[in-house]
Amino acid sequence: MTPDEATRIRVRWPDGSSSDVPAGTTAGVALRGWNPEKARTALAALLEGQAVDLARPLTRDGALAPLAFSDPAGREVLQHSAAHVVAKAITELVPSALPTVGPPTEEGFYYDFEMRPLTAEDLQQIEVRIRETVQRKEKFERVEVSKDEANRLFRSNPHKLRYISEVPEGEPVSIYRTGSFTDLCRGPHVPDAGWLQGLHILGFSAIAPEASEPGSTFQRIRGVAFPTRAELDAYLKQRAEAEARDHRVLGPRLELFAFSEEIPGFPFWHPKGMIVVRQLEAFVREHLAEAGYSEIRTPLLFPRTVYETSGHWEHYRENMFLTTVEDREFGIKPMNCPGAMLTFRTRSRSYRELPMRLAEFAPLHRLEASGTIHGLTRAREFVQDDAHLFVSEDQIPAEIQTLFDWIKRAMGTFRLEWTCELSTRPEKFMGTIEAWDRAEATLKTVLDASGAAYKVSPGEGAFYGPKIDIHIRDSLGRSWQCGTIQLDFQIPTRFGLQYQGADGALHTPVVIHRVILGSWERFFGVLLEHCAGWLPPWLAPVQVRVLPVTERQIPRVNELVQTWRGAGLRVEFTDSQDTLSKRIREAEVSHIPYIVVVGDQEVAAQTVALRTHGQKGQRSLPPDDFVALVRAKVAAREYDP
RNA sequence: GCCGCGGUGGCUCAGUCGGUAGAGCGGCUCCUUGGUAAGGAGCAGGUCGAGGGUUCGAUUCCCUCCCGCGGCUCCA
């Protein structure tokens, strides 16, 4: 029909070149004409920066680029296409299932359905159907329809009808068909399901029903997709390795900590784990000394009245362990704030005392929902490296800047990647909106000045103030909040805290609640996974294991162990009952960084044979040199042995 | 707390279509005295998560609870 065929349009390519193609040429065909090699790995295209299907006809001049799986946006296209194929399988298997949304995620994708709970048998059936769809290379076809038409198509699915109603009036609604399955979707998608050779279901679970639909049940099925089977296999292998470093497995195996069925969520720190905790404490205390902190110790338990003052009774009671003694209600403290506030309030204070920085490492108890307990990273009892800074408003930026610098340094010591988040006023909050706005603006100013990239999470603040959170990731990529800096204009007022200013008038201080590592528990859990159980020498509970080759060297080994312990090294030795190879293996699986072997040669030469984790082979050196080496690594808190 | 899956010696797992259980590692003992990731032999160790029900008989089937795992919600 088209006179347009005569019309040619100009396509600009990423390499700066451009070509003329007939109007109506699809993005895919144009790409092949430009660069067949790049077109081969393209699963979609970028048209003027916007992801589109390869089947999209080009209608006007513009910039066009291939979109491959290696591009984050391309990866999302593949994940989203995978979600459609999964939804197709589920709706075939359970026709009453109502698809809701199926977005890509950081790891892969999920798709939520209003439907009955899935079972393991369902999963097998789903996988069979997915394989069929992929093998048949079923096409993804885009169709644009009117809103009325879309409403007719999805009339049996209230969720989709709601999404359709959100499309601006007059705009066409796009839908995608894959075989028998039709979904409301903006797209784009891969051309066909043959791109999903590496589609894998990670699992399914119930999700909380939407508030508007009480009584209904929703299921989420999660998965991940790769263009090839080989890429999926590589991913699964890496994932299995990550699972092997789970701190919940490593902790008991390395005798660091354990949990008991008797009291879930409460860590038992074993002797070796306690050594690590003490080292972490020392690390943080060094900073406290440099930065002008004082350490305090306050009650673990407060009466209800104190929590009513602090606001915990109203806002946090359901997460507290409560008890009644002599007809008075008490709560075990879930946070250190009340103790710090009462400490400040002991006597009248002067502006000359500010900033007053009070640190407290006390066990905290929170009645976390049973289903959320997760080893050390989510426990019901834990100790934070906590402090409360009582400051005047003009002291806030400098204090937060110092904290930020320290966080950067600390994370560098542990070689942890971290991300930053600014959380703002939640629905349940104390105080005035004006005070909140001021606090949020202050944090934002400091963050902007620091140059750190951060994301804003509206409504995620604590009930008493906005906060900056530091997140680190565990071995499976789950993100955990560790450090946090929270500005609080509320609690000081509620406790009636005051100091006398230079002007002679009484002022209310601002409180900065802050933790750096978070809690020993969570931080250590993540760190253990990060280093796969190979703690840096300064943290390793046993730094050195000494092995005599035969029992002839036992006296020499005893001598070395005595000397080295005197020099502050954490040393163990094993006797000669097992073969040397066996004892080396035991030391390796115990994740001891330095293994020292002493045989007749070493006794004669007055040396030791050193095997260091992460280094090939072994070397011979005088005992004093070895001590100096380890002490230097420990003193500098070096990460590698 | 919600949904799904699971629970067999300290650990990892096999097994019993209902007739009270096996292995490897680890532990202990003995032999071996060895040169950089598992030397050999023997022994000990389990009321099969707990309680109730069905049954002549339950670790096995059913119910409840506890604990664990994966998600959801929530959080240091």
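A, B, ... follow the sequence lines: proteins, then strands. Residue 1 opens every chain.
- Contact annotation for A/G371: base contact, defined as any heavy-atom pair under 4.0 Å involving a base atom.
- We find that CG of A/L280 is positioned 14 Å from C1' of B/A76, with the value rounded to whole Å.
- Inspection of the A/E360 and A/T298 side chains reveals an N or O donor paired with an N or O acceptor under 3.5 Å.
- Across residues 248-267 of chain A, A/R248, A/E261, A/P264 each have a non-hydrogen atom less than 4.0 Å from an atom of RNA chain B (numbered order).
- In this structure, A/Q125 has no side chain to side chain donor-acceptor pair (under 3.5 Å) partners at least two apart in sequence or on a different chain.
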For nucleotides 25-31 of chain B, read 5' to 3', which letter fits each nucleotide if B means a protein heavy atom sits under 4.0 Å from the base, S means only the sugar-phosphate is that close, and - means neither? -S-----

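- Nucleic acid contact class of A/H374 (heavy atoms, under 4.0 Å, all strands): sugar-phosphate only.
- Interface residues of residues 600-609 of chain A facing RNA chain B, ordered by number: A/D600, A/Q601, A/E602, A/A609; criterion, heavy-atom separation under 4.0 Å.
- A/R522 comes within 4.0 angstrom of a nucleotide base, judged by non-hydrogen atoms across all strands.
- Residues satisfying the salt bridge (charged side-chain N to carboxylate O under 4.0 Å, His left out) test with A/R545, not counting sequence neighbours, are A/E572.
- Scored by the salt bridge (charged side-chain N to carboxylate O under 4.0 Å, His left out) test, A/E314 finds no partners at all (sequence neighbours excluded).
- Using a 4.0 Å heavy-atom cutoff across all strands shown, A/E588 reaches at least one base atom of the nucleic acid.
- Side chain to side chain, A/T105 and A/E107 fail the donor-acceptor criterion of an N or O pair below 3.5 Å.
- When heavy atoms are screened at a 4.0 angstrom cut-off, A/K616 is found touching no nucleic acid atom at all.
- Sorted by first then second residue, the side-chain hydrogen bond (donor to acceptor under 3.5 Å, both in side chains) pairs that include residues 595-604 of chain A, not counting sequence neighbours, are A/R552-A/D600, A/Q553-A/D600.
- Among residues two or more places apart in sequence or in another chain, the side chain to side chain donor-acceptor pair (under 3.5 Å) test is passed with A/T607 by A/S620.
- Within residues 541-557 of chain A, the residues that have a heavy atom under 4.0 Å from RNA chain B are, in order of number, A/V549, A/T550, A/E551, A/R552.
- For A/H513, the ring pair (Phe, Tyr, Trp, His ring centres under 6.0 Å) partners are A/H388, A/Y464, not counting sequence neighbours.
- Here A/Y594 pairs with A/F626 under the ring pair (Phe, Tyr, Trp, His ring centres under 6.0 Å) rule; sequence neighbours left out.
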Applying the Watson-Crick and G-U criteria (both distances under 3.5 angstrom) with [ ] for crossing and | for other-strand pairs, one obtains for RNA chain B (((((((..((((.....[..)))).(((((.......))))).....(((((..]....))))))))))))....

